[in-house]
Amino acid sequence: MRDISDYLSALNPRQKTAVTAEDGPLLVTAGAGSGKTAVLINRIAWLIAERKVPANRIIAVTFTNKAARELKVRVQDLLFEITDGPVEPIVGTFHGLCNQFLRIRYEEAGLSQHFSIMDQDDQKSFIASLIKDNRIDLLNILTPKSLQSYINKSKEARRRAGQGDTYYPHQRQQEQVYELYEVECEKQSRIDFAELMLRTVELMERNTQVRQHIQERFLHVLIDEFQDTNELQFRWMELFCGKHRNITAVGDEDQSIYSWRGALAWNLKRFEAVYPDTRIIRLEQNYRSTRPILDAANALIEFNSNRYEKKLWTGKSGGSPIKLFNAADADREASFVVDQINQIASLGRDWSDFAVLYRTNAQSRNFEEGLSHKGIPFRVYGGVRFYHRREVKDVLSYLQLVANPNANDALLRAAGMPPCGIGSVTKRRVATRAEVQEFSFWEAAVELAEESGGTGVSGLRNLVGRVNELKDKSTEYSLGKLIKAAIDISGIGEHLKNHSDPSERSRIENLDELINAGYAFQQLQESQLGSEILGEYLDTVVLDPGDTHDDVSQGHVQVMTLHAAKGLEFPVVFLTGLDENVLPHFFSTNRVNEFDDSNDAGIEEERRLCYVGMTRAEEVLYLTRASNRMVRGKYTRYTRSRFLAEIPRHLLENVGFDSVPEPIRPQPEAPFSRWLGVSVRHQKFGPGIVIAIDNQGAESFLTVEFEKYGAKTVLSNFVSIDEV
DNA sequence: AAAGGATGAATTTTT
DNA sequence: TTCATCCTTT
C-alpha cells in the first residue's frame, strides 16, 4: 500500500500547503492552468487518508456534472491504492445536491413528493402559458423571457413574490406574474433551477433541526469555481459549513465570465470578510502555456481593477510569439485559420490539437464552411442537446405525465403529438374546465373524456387511455422498456415513421437512441422497476442533459464559443474576432436595453473572456480579426479590438494583413499605475518596491527599488506583486 | 390541424 | 442573412 505523501510529492509547495491545510476556512485563488483540480482532488484524498475523515462526511460542489464526475473518479483513483474500503465522498453540482436534499425532505420543504423540475425552456413556456391563461396584457417592455429572468434573478437574491419593487407599472406587473408563477408552480408541483437552491436554503434557515443535522454531518465542505457562485450559493455554503467551518473555496476572479447569470466574483472577497481567519493560498505557477502566451495574458488582465494581484509564471522556457492576423473580412479570417490548421497539422499534429474560439455563435458559420470545404473533421460545441430535441421532449412528456400528472404543459404537449384531433378549441375546454373545477389539466381531460362529444373529446379519450396504459406498465417495466412503450403507445413512433418529410422520419433514430439511454441509465442504477427509476431519470434528464460535446471528439478540430472553452486546453488555439464590438462585444460597450449594464464592469468581463481564451493555449496562440463582417445582411466595418493594444507588442508577431491595417489606438490608460509604491518580486532581483512607472506603447517599464540590488528599471513582465 | 407567409429579432447559457 | 415565432389561410 502506498502512502499519501508519495502523491503529495508531485505537488508544488503552494499546492501542497493548500492540500494539507489545517481545519478552518481556506481560500485558494488558482490562476488558469495552475492545477486547481489537482489541489481539490488531493485535498479530499488527504482528508480521507491522512485525517481519517469519513468520505461520506465530505461534500464537494462543482458547477457542472462533468466536473463532478471527474472529481469523484479521480479521488477514487487516487485513494484506490491507499485505502481498503469504498470511498464515496459526496460530490455533485449545487443543483443536483439540492435536488437530492429536497427529494428526501420534500415534506419539510413544503413540496409535493412528485415535484418535477423545469429546465429553462420548460420554464419559459410555463410563464408564457401562464400569461395567456390568465389573459394578462403584458406591458410592451415585458416579455415571457424578461419575466423569466426577473423571476430567476429575484430568487437568486432570495426575494419571494411580493418583496420586489412596485414603484413603476412594469415592476408591479413583474411582481404580479411572479406571484401567479409561484401559485401555479405549487399547483402543478413544478420547480425550477433557482427554486431548488432557494428551497434548500430557506429550509435550512427555517428548520433548526434540519440545519443542525446537516451542519453536524458534513465535516468538510469544498467548492470549486467559487468565482461563479451567486448570492444563494454563498448562503448555501454558510449554512452547510456553519458548525465546523471547514470550508475550502477554490476560484479565480480572472476567469469569472458568468456575471450575467448572477455569478458574483466578489464572493471571493466576501469569503474573506465572512471568515476573517481565512487562510489564503495563491497558485500562480502555470503548467499549461508557454511564456509568451502567459506574459500576454497577464498583461491583458492587468487592465482590470479589483483583482487579487497575481501573476502567472511558468518554469518553461521558449515558445513562439503570438501570431496576429488581420483579415479583410470574416471569410478570409476563416480561410486563414483553416489554412494554418492544415499546414500545422501536416507537420504531425492531430486534428483535435486545434481549437477555434469565438465570442458569438454567429461567428461559427464561416469556420464550419471553411473546415468542411477542406475536408477537415471538426466538431462544433453547443447546439441543441439531445434531451432538448423536439421528438425526445414529446416522448418524455408522456412519461412526465405518468410521474407528475399535475404538469399541465406536459399534458398539452402530449395532446399535440401525435396529432389526435385535439386542437386549440379542445385545449381551451380542458383549461377552462381545470380552472372552474380547480384541478389539473390532466384531471380535466379525464373528466371531459368521459363525456360525449366530437373529435376533440374522442382525442382526449385516446390520450387518457394511452397515458393510463403507460402508467400501468410503469410499475412492471424497466426504464428502457418503458420508454419504448411510450414511443409505441403514444403513437409518436408510428407518426414519425409515416411522415412525408424525410427529416422528420430520421427523428426515429433519436428515439432509438433514447431507448438505449433508458437501458443504460437502468444499468447504472441498481435494478429498479420503471416506476421507481422514472422519477430519477426525469430529474437527471433535466439536471444533467449530457454534454453537447462528448469526449469522443478525438480526431476533430474543436470549434466553440469562449464560454464553452473555459476549463479546456489545446496545443493550438485560434482566438478569433478580435474586433471592437465583437470582443469586447457590442453590448458591453453600448447600452442597448435596460437589462444590460454597459460600463467598466461589462468591458472587464469581456477582457476576462479574452483572457480565458488566451490561456486555453498550450503552445501556439493565434489572434485573428476581420475588418468587415456581414451583420444582418449588411457589411459592417470593424476596427481592431482594444485588447490587442493591451498586449505588449513584442509578444505579437504580425503574420499577415490582407487589408489596410488600422492605426493602433492610443494606449487607453496607464496600465501599471496601481503598482506605484507596491512591494513586488522580480524573477531575478527578488523583492523590491515600485518607485516609478514608464509606459511605452504596449510595454511598461517599472523602476523598482530592490532590497538587494538598489533601483533598477525592469520590464513589467518579469515582476509580480509580492504575496501579502 | 397543417402549411405557408409575414414579421421581427439576433451575447454568452455551468444548472 | 437567417432563423424562429406568430398569424393567416385553407
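Only heavy atoms go into these numbers, but all of them, side chains included; no hydrogens, no water, no symmetry mates. Just so we're on the same page: letters track the sequence lines, and every chain starts at 1.
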Is there aromatic stacking of A/Phe587 on B/dT11 here, judged by a ring-centre distance under 5.5 Å and a plane angle under 30°?
no

Euclidean distance, atom CG of residue A/Leu463 to atom P of B/dA1 [Å, nearest integer]
13 Å

Distance between C1' atoms of C/dT5 and B/dT12 (Å, rounded):
22 Å

What nucleotide, of B/dT12, B/dT14, B/dT15, holds the atom closest to the side chain of A/Thr561?
B/dT12

Quick one: does A/Asp228's side chain have a donor or acceptor within less than 3.5 Å of a partner on A/Ala263's backbone?
no

Sugar-phosphate, base or nothing in reach of A/Phe94, heavy atoms under 4.0 Å:
nothing

Would you indicate what A/Arg629 reaches in the nucleic acid, counting non-hydrogen atoms under 4.0 angstrom: base, sugar-phosphate, or nothing?
nothing

Using a heavy-atom cut-off of 4.0 Å across all strands, would you classify A/Asn361 as base, sugar-phosphate, or nothing?
sugar-phosphate

Which nucleotide wins on minimum distance to the side chain of A/Trp260, given the candidates B/dT14, B/dT15, B/dT12?
B/dT12

Can you tell me if A/His563 is stacked onto the base of B/dT12, using a 5.5 Å centroid cut-off and an angle below 30°?
no

Is the ring pair A/Tyr387/A/Tyr537 parallel, tilted or perpendicular, if the boundaries are 30 and 60 degrees?
perpendicular

Provide, to the nearest angstrom, the distance between the CG atom belonging to A/Asp121 and the P atom belonging to C/dT5.
9 Å

Taking atom P of B/dA1 as reference, at what distance in whole Å does atom CZ of A/Arg413 sit?
16 Å

Give a yes or no on whether a donor-acceptor pair under 3.5 Å exists between the nucleobase atoms of B/dT15, that is its base, and the side chain of A/Arg261.
yes

In this structure, how many angstroms lie between the C1' atom of B/dT13 and the CD atom of A/Gln123, rounded?
13 Å

Provide, to the nearest angstrom, the distance between the CD1 atom belonging to A/Ile223 and the P atom belonging to B/dT15.
17 Å

Hey, does the side chain of A/Asn65 come within less than 4.0 Å of B/dT14's phosphate (OP1/OP2), counting only N and O?
no

Value in whole Å for how far the C1' atom of B/dT14 lies from CZ of A/Arg69:
12 Å

What is the nucleic acid contact for A/Leu196, judged by heavy atoms within less than 4.0 Å: base, sugar-phosphate only, or nothing?
nothing

Using atom P of each nucleotide, how far apart are B/dT13 and C/dA4 to the nearest Å?
16 Å

Taking the ring of A/Tyr258 and the ring of A/His563, is the distance between their centroids below 6.0 Å?
yes

Touch check for A/Glu225, heavy atoms < 4.0 angstrom, all strands: base, sugar-phosphate only, or nothing?
nothing

From the set B/dT11, B/dA1, B/dT13, return the single nucleotide nearest to any side-chain atom of A/Pro419.
B/dA1

Just say parallel, tilted or perpendicular for the rings of A/Phe218 and A/Phe240, cut-offs at 30° and 60°.
parallel

Nearest-Å distance for atom pair NE2/P, residues A/His388 and B/dT15:
10 Å

Rounded to whole Å, please give me the gap between CG in A/Asp224 and P in B/dT15.
13 Å

A/Leu609 vs A/Ile422, nearer the 5' end of DNA chain B by closest nucleotide:
A/Ile422

Please say whether more than 12 non-hydrogen atoms of neighbouring residues, nucleotides or ligands are located less than 6.0 Å from NZ in A/Lys427.
yes

Any A/Lys155 side-chain heavy atom under 4.5 Å of A/Glu195 side chain:
yes

